Amino acid sequence: RKEVEQDPGPFNVPEGATVAFNCTYSNSASQSFFWYRQDCRKEPKLLMSVYSSGNEDGRFTAQLNRASQYISLLIRDSKLSDSATYLCVVGSLTGANNLFFGTGTRLTVIP
Amino acid sequence: EPEVTQTPSHQVTQMGQEVILRCVPISNHLYFYWYRQILGQKVEFLVSFYNNEISEKSEIFDDQFSVERPDGSNFTLKIRSTKLEDSAMYFCASSPTRGWYGYTFGSGTRLTVV
């Protein structure tokens, strides 16, 4: 069973569109949740942490539902620069704080 | 902004050869990690290192892999006898504490085994 599963994608959306990504995780002991962004052949970069109360950072909103083991990311008013692969990432301190990554969902924003 | 530095950016090696991938973590960080990403696949945890010893390793990190912190700044990943399937992007990461604050990835080394 995969630790972290994401929407298969790819998502191709026009500029200005709203797009949502979903993710589920299998380990109920997971404690920390993140969305990372990865550009082609580059390292993953933290986009935002995800909290149970939900959190927003500009055009990005992340939600966590611990009961359903479900994480989401909403991007409003998509920009061309948002084109990237979005990685759902989960961490558990029962280990040695390594991270478990989803396979990622590729987003292309079209002019 | 402090960064994790990895060298080389690209390494080509023949099957069966040994390779050493190098990383310079952020200077005040105490926890170090190696991850790998095979082309088109997810990022996978290999090993974590703290206080000069391995904290945890994944199933991927078998006897052909080893890590070392030979001095106060470098953190290396050695692959003893490379296989074709070792071709991947290898990312080093570091964090200041146990936990996620400040967890930072390097830009990676692309290893190609021919």
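Order of the sequence lines fixes the chain letters, A, B, ..., with proteins taken first and strands second; residue numbering starts at 1 for each chain. Here the structure is a predicted model, which is why all the values come from computation and not from measurement.
Counting only residues at least two apart or on different chains, no ring-ring contact (aromatic ring centres under 6.0 Å, His included) pair has a member in residues 38-73 of chain A.
Note on B:Trp34 and B:Val4: separate hydrophobic clusters, where clusters join Ile, Leu, Val, Met, Phe, Trp and Tyr whose side-chain heavy atoms are under 4.5 Å apart, directly or indirectly. Put simply, B:Tyr35 and B:Phe49 are part of two different groups of oily side chains (I, L, V, M, F, W, Y) that touch within less than 4.5 Å, one to the next. Using a 4.5 Å cut-off between side-chain heavy atoms of Ile, Leu, Val, Met, Phe, Trp and Tyr, with links allowed through other members, B:Phe61 and B:Leu111 fall into the same hydrophobic cluster. Residues A:Tyr86 and A:Phe11 fall within the same hydrophobic cluster, defined by Ile, Leu, Val, Met, Phe, Trp and Tyr side chains chained together at heavy-atom separations under 4.5 Å. Following chains of ILVMFWY side-chain contacts shorter than 4.5 Å, one can reach A:Ile75 starting from A:Met48, so the two form part of one hydrophobic cluster.
Looking at B:Tyr33 and A:Leu99, their side chains never come closer than 4.5 Å, going by heavy atoms from C-beta outward. Taking 4.5 Å as the limit, some side-chain heavy atom of B:Phe105 sits within range of a side-chain heavy atom of A:Tyr36. Between B:Gln6 and A:Glu43, the closest side-chain pair of non-hydrogen atoms is not below 4.5 Å. Between A:Asn98 and B:Glu56 there is a side-chain heavy-atom pair separated by less than 4.5 Å.
For B:Asn52, there are no side-chain hydrogen bond (donor to acceptor under 3.5 Å, both in side chains) partners two or more places apart in sequence or in a different chain. In terms of the ring pair (Phe, Tyr, Trp, His ring centres under 6.0 Å) criterion, A:Phe100 has no residue partners (sequence neighbours excluded).
Contact of B:Tyr50 with chain A is not made at all, since no heavy-atom distance falls under 4.5 Å. Looking at B:Ser95, only its side chain comes within 4.5 Å of chain A, counting heavy atoms on both sides. Neither the backbone nor the side chain of B:Glu44 comes within contact range of chain A; no heavy atom of the residue lies under 4.5 Å from a heavy atom of that chain.
Minimum interatomic distance between A:Arg41 and B:Met89 (heavy atoms only, all atoms of both residues): O-CE, 3.7 Å. In terms of heavy-atom proximity, B:Lys42 sits nearest to A:Phe101 at CD-O, 3.4 Å.
Here CD of A:Glu3 is found 12.0 Å from CZ of B:Phe45. Values are rounded to the nearest 0.5 Å.
Crowding of B:Leu39 atom CG: a count of heavy atoms from other residues, nucleotides or ligands under 6.0 Å not exceeding 12. The environment of CG in B:Asp62 is crowded: more than 12 heavy-atom neighbours from other residues, nucleotides or ligands sit within 6.0 Å.
Taking non-hydrogen atoms and a 4.5 Å limit, the residue list of residues 8-25 of chain B in contact with chain A is empty.
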